[in-house]
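A quick write-up on the structure given underneath.
Computation of the quantities below employed the complete heavy-atom set of this structure, encompassing side-chain atoms and omitting hydrogens, waters and symmetry-equivalent molecules. This one's a predicted model, so the numbers in the text were calculated from it and none came from an experiment.
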Amino acid sequence: MEKRVLGKSGLEVSAIGFGCMGLSHSYGTVTDRGEAIRLIRAAHDRGVTFFDTAEVYGPFTNEDVVGEALQPIRAQVVIATKFGFRNGVIADGPDSRPETIRRAVEGSLKRLRTDTIDVLYQHRVDPDVPVEDVAGTVKDLIAAGKVRHFGMSEAGGDSIRKAHAVQPLAALQSEYSLFWREPETEIIPLLEELGIGFVPFSPLGKGFLTGTINEKTTFPTGDFRNATSRFDTENRRANQAIVDLVREIAWNKGTTPAQIALAWLLARRPWIVPIPGARKLAHLEDDLGAVNVRLSGQDLRTIEKRLSSITLRGERYPAAMEALVER
């Protein structure tokens, strides 16, 4: 597996990480615990060293599964988790008060069966707590040896600059894919300027870019895509043009749509590390195969030209979740 360094942090990780959220959160059904542990270990066996979780996933259960899975190989992996919601529940709203951060870290350390969190992200910016206080609290936790690196998620440019001035950020984690390119306008240039790595979540467009979802697809009860307008039936039909593009490139390269979508991200910057999720071994292996796919300059120009003529329809989040995103 190819390795990458997240910005100027010196933190080296596998070029593709594993987003563990979907094993127990947001997609309706929960993966059997034993199967989830086997899948996480299978990812490591195939070269993945970067695993992502959060206290709100479950809540709490995802960290516990990740902790059990990685405990035997803890020294060989990088574990990232997140704080930032009251009681560890998204619906309860943001809470990044220093005492909440410290309490969340103690809980995460216990569930992850470790004495140090490699990357600690603020899950969402808390408008009621100065970001300098958040960064200062994480700085103290780093000095205490409980955290190695600081990160933020879905943060806006001003907050990134303010936090980075107090405690340098190793990475920003935000949504980015062929299906959602907003970070290209302001965020990616800022990360490049400051030397911060970028960890895109939902790099496969919440499954849409794999080509396995169409207008007839039904999602299980509890799957958040049921409440997201981008996945309304009519919008899926309209957005199929981007899937057709990815399929065409994949056909020409003798690979799969998922691998093209991930290879495109890897080609954007050398400090971008996508974290696709998977609940089946075959999907995991397909994703990891993207490191062997090379998109030529002509491939990238073709994709860019074709994308310019595609207008995607629908919002990526329900209004309540979108309100938590800082811009």
Side-chain angles (χ1 to χ4, degrees), residues 6-11 52-57 59 79-109 116-176 180 182-201 271-273 275 316-317 320-327:
L6 290 172
K8 295 179 180 178
S9 69
L11 182 61
D52 183 86
T53 182
E55 65 170 356
V56 301
Y57 300 159
I79 300 176
T81 193
K82 310 174 196 73
F83 67 86
F85 287 99
R86 188 171 293 109
N87 306 314
V89 178
I90 294 174
D92 288 353
D95 184 357
S96 286
R97 291 172 296 167
E99 61 269 26
T100 301
I101 297 172
R102 289 190 287 267
R103 184 168 58 249
V105 164
E106 292 303 324
S108 292
L109 289 169
T116 306
I117 295 166
D118 296 305
V119 183
L120 180 67
Y121 294 102
Q122 182 186 28
H123 209 152
R124 292 292 187 273
V125 172
D126 185 342
D128 297 324
V129 179
V131 72
E132 295 91 341
D133 292 352
V134 174
T137 302
V138 176
K139 184 174 184 176
D140 292 342
L141 290 165
I142 291 172
K146 295 184 178 183
V147 174
R148 291 180 60 208
H149 297 278
F150 179 35
M152 300 179 78
S153 179
E154 298 274 83
D158 287 346
S159 290
I160 292 170
R161 284 189 183 277
K162 290 176 181 177
H164 189 69
V166 176
Q167 172 58 49
L169 294 166
L172 176 78
Q173 182 180 131
S174 291
E175 184 169 356
Y176 181 43
W180 180 257
E182 184 181 88
E184 294 176 353
T185 304
E186 175 189 2
I187 295 301
I188 288 180
L190 176 61
L191 300 182
E192 192 152 38
E193 173 193 338
L194 299 178
I196 299 170
F198 191 24
V199 179
F201 67 79
W271 35 266
I272 288 180
V273 178
I275 50 168
R316 65 172 181 142
Y317 282 146
M321 289 187 65
E322 188 63 32
L324 297 171
V325 178
E326 187 184 62
R327 291 186 172 83

**OP:** Could you check Asp126 against Thr100 for side-chain contact (heavy atoms from CB on, under 4.5 Å), going step by step and ending with a plain yes or no?
**Re:** CA-CA 12 Å; Asp126 185 342; Thr100 301; over 6 Å; no
Original post:
Any side-chain heavy atom of Ile196 within less than 4.5 Å of one from Met152?
Top reply: no
Original post:
For residues 122-165, which residue pairs qualify under ring-ring contact (aromatic ring centres under 6.0 Å, His included), counting only residues two or more places apart or in two chains?
Top reply: Tyr57-His123, Phe85-His123
Subject >> Heavy atoms from other residues, nucleotides or ligands near CG of Asp158 exceed 12 (cutoff 6.0 Å) >> reply: no
**OP:** Carefully, step by step, assess Arg316 and Glu154 under the rule salt bridge (charged side-chain N to carboxylate O under 4.0 Å, His left out).
**Re:** CA-CA 13 Å; Arg316 65 172 181 142; Glu154 298 274 83; 2.7 Å; yes
Original post:
Is the backbone of Asp95 close enough, under 3.5 Å, to the side chain of Arg86 for a donor and an acceptor to pair up by distance?
Top reply: no
Original post:
Applying the side-chain contact (heavy atoms from CB on, under 4.5 Å) test to Ser108, which of Val147, Ile79, Ile117 qualifies?
Top reply: Ile117
**OP:** Identify the heavy atoms of Pro200 and Phe198 that sit nearest to each other, and give their distance.
**Re:** CD-O, 3.4 Å
Subject >> Pair Ser174-Ile187, side-chain contact (heavy atoms from CB on, under 4.5 Å): steps then yes or no >> reply: CA-CA 10 Å; Ser174 291; Ile187 295 301; 5.7 Å; no
Subject >> For Pro189 against Pro183, the heavy-atom pair lying closest together >> reply: CD-O, 4.2 Å
**OP:** Work out which heavy atom in Gly88 is nearest to a heavy atom in Pro59; give both atom names and the distance.
**Re:** O-CB, 3.3 Å
**OP:** Please report the C-alpha distance between Leu169 and Leu194 in whole Å, then the side-chain angles of each, then the deciding distance to 0.1 Å, and finally whether the side-chain contact (heavy atoms from CB on, under 4.5 Å) criterion is met.
**Re:** CA-CA 9 Å; Leu169 294 166; Leu194 299 178; over 6 Å; no
Original post:
What's the spacing between Gln167 CD and Ile142 CD1 if we round to 0.5 Å?
Top reply: 3.5 Å
Original post:
Please walk me through it: do Tyr317 and Leu324 pass side-chain contact (heavy atoms from CB on, under 4.5 Å)?
Top reply: CA-CA 10 Å; Tyr317 282 146; Leu324 297 171; over 6 Å; no
**OP:** With sequence neighbours excluded, tell me which residues meet side chain to side chain donor-acceptor pair (under 3.5 Å) with Glu193.
**Re:** Arg161
Original post:
Within the distance-only criterion (no hydrogens, no angle test), does the side chain of Lys82 pair as donor or acceptor with the backbone N or O of Leu120 below 3.5 angstrom?
Top reply: no
**OP:** Check Val125 against Ser159 and note the closest heavy-atom contact, atom names and distance.
**Re:** CG1-OG, 4.1 Å
Subject >> For Ala171 against Leu6, the heavy-atom pair lying closest together >> reply: CB-CD1, 4.2 Å
Original post:
To the nearest 0.5 Å, how far apart are CD1 in Ile101 and CG in Leu141?
Top reply: 7.5 Å
Subject >> Nearest heavy-atom neighbours spanning Leu11 and Val119 >> reply: CD2-CG2, 3.5 Å
Subject >> Phe201 and Asp52, any side-chain heavy atoms less than 4.5 Å apart >> reply: no
**OP:** Go through the structure and list residues passing side chain to side chain donor-acceptor pair (under 3.5 Å) with Asp140, not counting sequence neighbours.
**Re:** none
Original post:
Do Lys8 and Trp271 have side chains that get closer than 4.5 Å, going by heavy atoms?
Top reply: no
**OP:** Determine, step by step, whether Asp133 and Arg97 satisfy the salt bridge (charged side-chain N to carboxylate O under 4.0 Å, His left out) criterion, reporting the C-alpha distance in whole Å, the side-chain angles of both residues, the deciding distance to 0.1 Å, and the verdict.
**Re:** CA-CA 8 Å; Asp133 292 352; Arg97 291 172 296 167; over 6 Å; no
